[in-house]
Amino acid sequence: MKELLIESKGIKTDHYYIPPFEVREGDFVFIHLENHIASCDVEEKVIAIFTGKEKNGNVTINKPHTFVKQVRESEFRRRFFPTTVGEYLFRNMKRESKFAKRIYEIDWINKNTQLIRLPGNPRKLISLYSVLSKTNHIIFDLVAQDFEGIEHAAKIVKDEIGGKGSAILVDRCDVLKKFCTQHIRIEWFIDLKEDARKFNF
């Protein structure tokens with residue numbers, strides 16, 4: 001049996017329940033949230049737990065996973081000193097990795113291209129490549145991508161985790177179910193038609 005990386009005996013609050021599951025080498029686990037604003041708080045909590053930043057008594061983390069963050073700049077930096085692709089890669093990419101120059105396979109992107117010029121798909125890719133240059137144990141979502149970008153990113157992740165890595169997808173859209181080894185759907189104890197922001201997740 002492959003190495004156990006994460007064991008969750010279930011995450012339960014007064015408002016939701018995420019059923020038990022395990023993450024082993026080679027797994028691509030999909031935690032399926034609801035397409036509702038309440039899921040934002042749950043996603044933050046789940047990411048904090050599985051990256052090892054927050055402890056939960058029902059979850060054992062043998063291998064913390066790294067979250068693929070959205071590429072963002074401060075308002076000041078964006079307006080007066082926009083970061084270029086080359087600068088971002090210099091700061092975030094492991095240089096000897098096969099992913100170090102992969103973003104340049106998109107023919108209109110070069111080291112002087114400003115990050116603010118990148119639309120959703122390549123913006124996600126540059127972050128994904130940076131994380132994959134350092135680890136093949138990741139958590140990611142599908143924010144700001146179209147269907148083509150979603151499928152492309154999923155294939156990259158699937159190929160890279162192979163039999164040794166692992167991935168946890170936390171999202172509201174179920175288009176990637178076909179790529180996943182496990183599909184874990186959140187169960188809600190609240191009325192999602194109400195304003196979920198008033199609840200303290």
### Message
Run Tyr17 and Ile186 through side chain to side chain contact (heavy atoms under 4.5 Å, CB included) and show every step you take.
### Response
CA-CA 6 Å; Tyr17 175 62; Ile186 188 171; over 6 Å; no
With no hydrogens and no angle check, is any side-chain donor or acceptor of [X] less than 3.5 Å from a backbone partner on [Y]?
X      : Y      : answer
Thr84  : Gln114 : no
Asn121 : Asp146 : yes
Asn92  : Ser130 : no
Asn58  : Ser8   : no
Asp174 : Lys177 : no
Thr51  : Ala48  : yes

Are side-chain heavy atoms of [X] and [Y] found at a separation under 4.5 Å?
X      : Y      : result
Ser39  : Trp188 : yes
Tyr16  : Lys45  : yes
Val170 : Val42  : no
Leu118 : Val85  : yes
Arg172 : Cys40  : yes

Heavy atoms only: give me the nearest [X]-[Y] pair and the separation to one decimal.
X      : Y      : answer
Leu115 : Glu73  : CB-OE1, 4.1 Å
Ile49  : Ile61  : O-CD1, 3.7 Å
Asp171 : Cys173 : OD2-N, 3.1 Å
Phe189 : Asp14  : CB-O, 3.5 Å
Pro122 : Ile109 : CB-CD1, 3.9 Å

So, [X] and [Y], do they make that salt bridge, N to O below 4.0 Å?
X      : Y      : answer
Arg185 : Glu34  : yes
Glu3   : Arg24  : no
Lys9   : Glu22  : no
Glu151 : Lys158 : no
Lys69  : Asp141 : no

Treat each ILVMFWY residue as a node, draw an edge where side-chain heavy atoms are under 4.5 Å apart, and state whether [X] and [Y] are in one component.
X      : Y      : answer
Leu125 : Phe67  : no
Met93  : Val68  : yes
Ile103 : Val71  : yes
Ile126 : Ile138 : yes
Ile11  : Leu4   : no

#### Entry: Glu148: partners by salt bridge (Lys or Arg N to Asp or Glu O under 4.0 Å), with sequence neighbours left out
none
What's the spacing between [X] [atom1] and [Y] [atom2] if we round to 0.5 Å?
X      : Y      : atom1 : atom2 : result
Gln182 : Asp27  : CD    : CG    : 5.0 Å
Ser166 : Lys2   : OG    : NZ    : 11.0 Å
Ser97  : Arg102 : OG    : CZ    : 8.0 Å

### Message
Check the orientation of Phe30 and His32. Use parallel for under 30°, tilted for 30 to 60°, and perpendicular for over 60°.
### Response
parallel
### Query
Can Val29 and Leu169 be said to form a side chain to side chain contact (heavy atoms under 4.5 Å, CB included), step by step?
CA-CA 6 Å; Val29 178; Leu169 169 64; over 6 Å; no
### Task
Could you go through the side chain to side chain contact (heavy atoms under 4.5 Å, CB included) check for Val59 and Phe50 one step at a time?
CA-CA 8 Å; Val59 179; Phe50 295 129; 3.7 Å; yes
### Listed once per pair and sorted, the ring-ring contact (aromatic ring centres under 6.0 Å, His included) pairs that draw on residues 117-155, sequence neighbours left out
Phe28-Phe140, His65-His137, Phe99-Tyr129
### Intermediate values then yes/no, side chain to side chain contact (heavy atoms under 4.5 Å, CB included), Ile156 and Leu132
CA-CA 10 Å; Ile156 292 168; Leu132 287 175; 3.8 Å; yes
### Task
Mind running salt bridge (Lys or Arg N to Asp or Glu O under 4.0 Å) on Arg77 and Glu87 for me, showing each step along the way?
CA-CA 13 Å; Arg77 181 74 195 241; Glu87 290 171 332; 3.4 Å; yes
